[in-house]
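Labels below follow one simple rule: chain letters A, B, ... track the order of the sequence lines, proteins then strands, and each chain is numbered from 1.
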Amino acid sequence: MARIELSGIQKRWGNVWGVRDVDIDIGDEEFVVFLGPSGCGKTTTMRMIAGLEEPTEGEIRMDGEVMNEIDARDRDVAMVFQGYALYPNMTIYENIRFPLRMRDVPAGDHDRLIRQAADMTELTEYLDRKPSALSGGQRQRAALARAVVRQPQAFLMDEPLSNLDAKLRQAMRVQIKHIQRELKITTVYVTHDQIEAMTLADRIVIMQSGAIQQIGTPDEIYNDPANTFVAGFIGAPPMNLIKGQVDGGIFTASGITVDGLRSDMSGAVTLGVRPEDCAVTQSDANLTGEVFGVEPTGDLTYLTLKTGDAMIEVKADRSYRRELGVDEQIAFDRERLFLFDAKTGTRLR
Amino acid sequence: MASVRKSRSESLFIRYLILGAWALFCLAPVLWFLSVGLRPRVEIITPRPIYWPTFSLDAWHMIWEDWPMAKYLRNSVLAILGSVLIDLVLAIPAAYSLSRYTYRGRDDIGFYILSTRMMAPAIVAIPIFFLFRNMGLLDTIWALMIIYAAVNLSIVTWIIRSYMLDIPKELEDAARTDGASDMRILWEIIIPAVLPGIITAAVIAMIFAINEFLFTLLIASTPDAYTMSVALANFTGGSDGVIYNAIALVAFLAFVPVFLVVVAIQKHLSRGLTMGAVKG
């Protein structure tokens with residue numbers, strides 16, 4: 001329904017930086033997830049899109065129209081909040097109706113639209129209840145219904161699932177994506193949960209300290225990280241980042257040797273390898289380490305090895321079992337190694 | 001096990017004993033008033049103790065027939081309700097502004113509002129008398145309304161403000177993105193959410209207004225504007241001497257409605273009196 005462009009967006013409170021130099025072009029019907037640790041500026045960026053914060057610098061455009069001076073209530077966006085923000089004194093029916101009344105939707109259409117939204121979020125039988133009489137998941141669905149009911153230009157969702165338990169979160173994730181696809185509404189979604197980002201997003205925007213680290217599809221973010229922050233933030237367990245030296249195509253760190261790398265580099269680097277690209281081996285090992293932890297999860301086993309002062313995470317076979325303290329050998333998948341500048345953390349390509 | 005149970009029932013007994021004694025201590029004056037109010041005048045002023053009191057409605061008839069008590073009651077009710085209404089109309093927007101917007105001097109303004117309560121009323125008594133005299137409002141219930149409202153405005157504002165501070169900011173953000181203007185947010189979201197606070201503040205203001213004496217005495221110079229509290233004082237003078245049973249009965253009647261209201265809202269009242277001391 002709408003294209004959202006942010007150009008040169010900055011937010012400052014006195015000397016405190018909230019967001020610096022954010023440029024992003026969100027396409028019509030696109031699902032974009034802002035991902036980052038708390039305090040990285042992702043929520044502030046979303047609140048600027050909603051009109052709840054004013055950018056210090058830069059321009060926000062929706063469908064080409066500059067929105068900076070336009071009040072939140074006149075921007076046609078619907079927001080879903082972490083704490084649900086349902087109006088406690090109104091029934092669920094009245095809650096869903098509220099945006100229709102505020103935006104002067106003809107009263108004759110209200111009932112039909114409300115029931116449609118309630119149906120979509122499976123809330124029909126709870127319409128007469130007050131929010132306090134609903135469970136967390138139901139409240140979240142009610143908040144979603146209130147956003148859906150008026151078919152806005154864009155959905156803005158601020159950590160909508162973080163108050164729910166793991167099982168419910170997974171179910172709601174599927175529901176949110178389904179509704180977004182069905183209504184074809186541009187959606188900006190803020191989260192610190194990488195699984196939510198990976199599963200929901202058409203594109204992920206990774207932020208840290210108010211600045212964008214990388215923008216890309218989930219595949220690009222996972223398989224082609226731009227720096228050590230992105231590499232370490234995505235994936236569970238996260239990518240192993242090993243500090244060492246590279247010279248003549250050979251990487252060395254304490255207990256670790258990797259050859260066959262590009263031979264045109266030398267000096268201090270960080271080697272990145274994902275736990276699933278490490279394999280327990282008998283020969284041709286890249287590293288030998290002491291077994292520090294073995295954690296079976298059912299479908300696979302997390303193995304933690306200690307080598308020198310580094311800890312290496314390995315995803316091993318589900319039947320893998322070993323005593324602590326014994327030596328184990330690991331080989332890396334050479335096609336799946338990443339090199340980063342040791343100082344700046346930038347990817348060396 | 002048995003000894004544990006015994007000591008528990010013992011401690012329960014002691015607890016009830018203490019609470020019962022305290023309740024009796026608090027209720028004794030009230031019951032004493034009722035007992036004095038419903039006895040003939042001669043019996044109250046007799047120096048000998050009386051073990052079997054005589055029931056009499058002398059005082060009851062006296063206050064309604066010899067004294068314009070209905071008028072005093074009406075004055076009290078009108079002045080108090082009017083003042084509470086003025087307070088709410090002024091305090092709700094003020095509290096909203098103090099709790100929600102950031103602007104220069106906000107905290108100073110908030111403190112100034114509160115500080116009006118810190119001053120001893122007698123300090124401004126004389127200026128207020130001249131002020132109302134010049135406005136031609138002496139001896140009217142309009143003046144009482146204004147003065148009660150002024151005296152209680154600070155406390156009403158601060159109680160409502162403390163309730164407003166507890167409302168999550170998200171709720172307003174949601175209403176704003178839903179398309180609501182500031183006035184509609186205040187009217188449709190904030191006021192319903194702080195209704196218990198508003199009721200508490202109104203009741204507290206009412207209690208203070210009922211008990212107000214100094215300014216009422218100053219402004220009401222004839223029975224036209226007498227309220228219950230000032231009328232009570234008038235039972236003490238004149239050729240009839242101190243009419244104890246009438247005083248006691250009026251005091252009791254003035255006490256009962258307040259007591260009932262407080263019982264009805266006591267859950268909110270304790271919260272209102274701490275005024276966000278825990279949070280906010």
Side-chain angles (χ1 to χ4, degrees), chain A residues 13-14 43-44 46-53 70-91 94-105 130-132 139 142-150 152-160 163 188, chain B residues 88 91-93 95-97 99-107 159-202 264-265 267-268 271-272 276 278-280:
Chain A
W13 294 276
T43 295
T44 307
M46 166 173 284
R47 289 175 61 84
M48 287 190 282
I49 299 174
L52 297 170
E53 302 276 358
I70 292 178
D71 201 70
R73 66 191 173 111
D74 298 320
R75 299 187 190 187
D76 193 10
V77 298
M79 198 156 165
V80 178
F81 295 85
Q82 182 177 357
Y84 320 132
L86 295 171
Y87 310 126
N89 51 302
M90 302 181 196
T91 60
E94 282 302 318
N95 262 282
I96 303 175
R97 189 175 170 209
F98 189 76
L100 300 178
R101 283 201 293 126
M102 293 304 124
R103 293 188 188 268
D104 298 323
V105 173
K130 290 274 179 74
S132 54
R139 286 182 206 184
L144 206 57
R146 188 175 63 188
V148 162
V149 70
R150 64 188 160 93
Q153 295 287 308
F155 286 141
L156 306 176
M157 304 195 186
D158 185 8
E159 311 229 12
N163 286 0
V188 178
Chain B
L88 292 184
I92 289 171
Y96 184 54
S97 157
S99 66
R100 274 304 184 256
Y101 294 100
T102 2
Y103 45 86
R104 259 171 73 112
R106 180 191 63 178
D107 294 344
I159 290 172
I160 296 176
R161 173 185 165 274
S162 86
Y163 275 79
M164 284 180 175
L165 284 175
D166 285 351
I167 299 176
K169 186 88 173 62
E170 269 192 353
L171 220 53
E172 278 169 69
D173 289 342
R176 195 154 283 133
T177 48
D178 278 346
S181 63
D182 283 7
M183 279 314 284
R184 291 198 86 156
I185 291 174
L186 178 60
W187 192 250
E188 298 211 28
I189 310 293
I190 304 293
I191 290 182
V194 297
L195 205 55
I198 292 175
I199 293 170
T200 304
I265 66 145
K267 194 178 73 191
H268 300 306
R271 164 69 223 278
V278 183
K279 193 187 162 206

For chain B, the option from A/Ala50, A/Gly83, A/Ala143 that forms the most heavy-atom pairs under 4.5 Å: A/Gly83

Chain B contacts, top residue of A/Arg47, A/Gln82, A/Arg75, A/Arg73 (heavy-atom pairs, under 4.5 Å): A/Arg73

When A/Leu100, A/Leu52, A/Asn89, A/Leu156 are compared by non-hydrogen pairs under 4.5 Å with chain B, the top option: A/Leu52

Residue-level interface, residues 169-178 of chain B with chain A, non-hydrogen cut-off under 4.5 Å: B/Glu170, B/Leu171, B/Asp173, B/Ala174, B/Ala175, B/Arg176, B/Thr177, B/Asp178

Value rounded to 0.5 Å, distance of CZ in A/Arg101 from CZ in B/Arg184: 6.0 Å

